[in-house]
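Per chain, numbering begins at 1; letters A, B, ... match sequence-line order.
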Protein chains: 2
Amino acid sequence: MNNKQAAEILSDYLKKGKHRITPERFEVLDAAIEYEGHFTADELYIFMKNNNSNVSRATVYKTLELLTACKLISLRNFGDNMNRYESNFKRKQHDHLLCLDCGRIVEFTDNKVNKIQEDISENLGFTSSSYSFNIFVRCKNKANCPHYND
Amino acid sequence: MNNKQAAEILSDYLKKGKHRITPERFEVLDAAIEYEGHFTADELYIFMKNNNSNVSRATVYKTLELLTACKLISLRNFGDNMNRYESNFKRKQHDHLLCLDCGRIVEFTDNKVNKIQEDISENLGFTSSSYSFNIFVRCKNKANCPHYND
DNA sequence: ATTGCTGCAAAACGTTTGCACCTAT
DNA sequence: ATAGGTGCAAACGTTTTGCAGCAAT
């Protein structure tokens, strides 16, 4: 998926609903794709402001909901009671390991997680929709700990 | 573990730190044990108020942190940006399945989850601390959906 | 022309904090 | 006596909302 394809997905999604196609929404999409790593709505708003965008905070919040709905970005909750997003641009499915010492967020993939999620849902009589799996860890060697984020 | 044992665990924990033993803290502990299902700090505060307690909201919030620290209760994040707790009284470790249709929260246990969490942490060079695993589902048969919570 | 969207500021929400008084040690 | 806890209300930070003007259909 490239930016143009992403724009098309958003465009299609908007047309299907009673949504309008506005330049602001594509500005938010572009920023979300360009942003490195995970971001909160406010972080993206500041990022856009710094890049001379005039899109308002309210519009950023609302558009991120739309982008999540059409799966162009993913909503993540890392247990700090804030909505974090990450673009699905050129990404494969993954979960997160979060270091409580240095704040690092490491992505990992384990096929067993998906299987467990589907099995449990089925066994309990539900249709699986999505899941959230976060592992919280400590640095094994604090001396090597880089103390950076994302 | 009974209520008396729980009180002893709290008591020991408080003594070990530079914390004081106050009646308010044991009131919060009792309420947390008595409360059915998962609760937010505010819900517990209201629950206590209704049971003629005069413990303040601030004390409830702070005490829940202490109870979490000494593992008498567990902090859960279900993706709605609110801190939810549940007492560990007579409970074994479990994870949660949350129905987006009816709000039901079903507990399940799968030993593979714990193993995955430990393996991933180890493989990436960390010491595993805790994890959060939530499965979001839809009712298979909406007609049977009871629409109750917890 | 209609209906949805934007931007702004204000409100909402759960949670945290400052502070004066109180209490366990 | 002193360090820590409590209760109250105010502050906080993120998110949502109300509304007047604007723009896509």
Side-chain angles (χ1 to χ4, degrees), chain A residues 7 10-32 35 38-49 51-70 73 75-85, chain B residues 7 10-32 35 38-49 51-70 73 75-86 149:
Chain A
L10 174 56
S11 197
D12 288 351
Y13 176 82
L14 294 174
K15 280 176 197 158
K16 263 177 207 155
K18 49 190 173 187
H19 303 292
R20 286 180 183 171
I21 293 182
T22 69
E24 289 84 357
R25 286 170 171 171
F26 292 93
E27 271 192 66
V28 175
L29 172 59
D30 286 347
Y35 201 105
H38 311 87
F39 54 86
T40 65
D42 240 70
E43 283 167 354
L44 191 66
Y45 169 68
I46 300 299
F47 175 77
M48 292 176 70
K49 262 239 152 348
N51 286 41
N52 301 311
S53 170
N54 290 312
V55 176
S56 72
R57 175 176 275 115
T59 298
V60 171
Y61 273 86
K62 283 173 188 160
T63 304
L64 288 175
E65 276 180 34
L66 292 173
L67 298 183
T68 304
C70 59
I73 63 176
L75 171 60
R76 304 287 188 175
N77 287 103
F78 293 152
D80 59 354
N81 293 343
M82 283 169 62
N83 285 333
R84 294 180 186 282
Y85 299 89
Chain B
L10 174 56
S11 198
D12 287 350
Y13 176 81
L14 294 175
K15 281 177 197 158
K16 264 177 206 153
K18 49 192 175 187
H19 302 293
R20 287 182 183 170
I21 292 182
T22 69
E24 288 85 356
R25 287 171 171 168
F26 292 94
E27 271 192 66
V28 175
L29 172 59
D30 285 348
Y35 201 105
H38 311 87
F39 54 87
T40 65
D42 241 70
E43 282 166 354
L44 190 67
Y45 169 67
I46 299 300
F47 175 77
M48 292 176 70
K49 262 238 152 350
N51 286 43
N52 301 312
S53 170
N54 290 311
V55 176
S56 72
R57 177 177 272 115
T59 297
V60 171
Y61 274 85
K62 283 174 188 161
T63 304
L64 288 175
E65 276 180 34
L66 292 173
L67 298 183
T68 304
C70 58
I73 63 177
L75 171 60
R76 303 288 188 175
N77 286 105
F78 293 153
D80 59 354
N81 292 343
M82 283 169 64
N83 285 332
R84 294 181 186 283
Y85 298 89
E86 63 183 320
N149 273 294

How long is the span from the OH atom in A:Tyr35 to the CG atom in A:Asn51, to the nearest 0.5 Å? 11.0 Å

Atom CZ of A:Arg84 to atom C1' of D:dT15: distance rounded to whole Å? 14 Å

Using atom CD of B:Glu43 as one end and atom P of C:dG14 as the other, report the distance to the nearest whole Å. 9 Å

About how many Å separate OG of B:Ser56 and OH of B:Tyr45, when rounded to the nearest 0.5 Å? 7.0 Å

Side chains of B:Tyr61 and B:Asp42, heavy atoms from C-beta outward: is any pair under 4.5 Å? yes

Grab the CG-C1' distance between A:Leu10 and D:dA24 for me, whole Å please. 15 Å

Between A:Asn83 and A:Thr40, is the side-chain contact (heavy atoms from CB on, under 4.5 Å) condition met? List the steps. CA-CA 6 Å; A:Asn83 285 333; A:Thr40 65; over 6 Å; no

B:Leu64 CG to C:dT16 P, in whole Å, measures 10 Å

To the nearest Å, how far apart are B:Met82 CE and D:dT14 P? 18 Å

How long is the line joining CG of A:Asn83 and C1' of D:dT16, in whole Å? 12 Å

Side-chain contact check for A:Glu65: nearest option of C:dT15, D:dT15, D:dT16 is D:dT16

Is there side-chain contact between B:Val28 and B:Glu24, with at least one heavy-atom pair below 4.5 Å? no

Overall bend of the helix from C:dA1-D:dT25 to C:dT25-D:dA1 (five pairs an end, 10° steps) is 30°

Rounded to whole Å, please give me the gap between CG in A:Leu14 and P in D:dA23. 18 Å

Interatomic distance, A:Leu44 CG vs D:dT14 P [rounded to whole Å]: 14 Å

Got B:Phe26 and B:Ser11 here, is their nearest side-chain heavy-atom distance under 4.5 Å? yes

Please list, chain by chain and in numerical order, all residues satisfying side-chain hydrogen bond (donor to acceptor under 3.5 Å, both in side chains) with B:Asp12, sequence neighbours excluded. none

Taking for each residue the nucleotide of DNA chain C with the nearest heavy atom, is it B:Ile21 or B:Ala41 whose nucleotide lies nearer the 5' end? B:Ala41

Residues passing the salt bridge (charged side-chain N to carboxylate O under 4.0 Å, His left out) test with B:Glu86, sequence neighbours excluded, are B:Arg76, B:Arg91

Output a table of nitrogen or oxygen pairs between the protein and nucleotides 1-5 of chain D separated by less than 3.5 Å.
| residue | atom | partner | partner atom | Å |
| --- | --- | --- | --- | --- |
| D:dA3 | N3 | B:Arg20 | NH1 | 2.8 |
| D:dA3 | N3 | B:Arg20 | NH2 | 2.4 |
| D:dG4 | O4' | B:Arg20 | NH2 | 3.4 |
| D:dG4 | N3 | B:Arg20 | NH1 | 3.2 |
| D:dG5 | OP1 | B:Arg25 | NH1 | 3.1 |
| D:dG5 | OP1 | B:Arg25 | NH2 | 2.8 |

Audit row: A:Arg25, A:Leu29, side-chain contact (heavy atoms from CB on, under 4.5 Å) steps and yes/no: CA-CA 6 Å; A:Arg25 286 170 171 171; A:Leu29 172 59; over 6 Å; no

Under 4.0 Å between a side-chain N/O of A:Tyr61 and OP1 or OP2 of D:dT15, yes or no? yes

Per-pair distances, 0.1 Å, donor-acceptor, side chain in residues 63-70 of chain B, under 3.5 Å, sequence neighbours excluded:
| residue | atom | partner | partner atom | Å |
| --- | --- | --- | --- | --- |
| B:Thr63 | OG1 | B:Thr59 | O | 2.7 |
| B:Thr68 | OG1 | B:Leu64 | O | 2.7 |

From B:Leu10 atom CG to B:Ile21 atom CD1, the distance as rounded to the nearest 0.5 Å: 7.5 Å

Report, one pair per line, the protein and nucleotides 8-12 of chain C atoms (nitrogen or oxygen only) whose separation is under 3.5 Å.
none

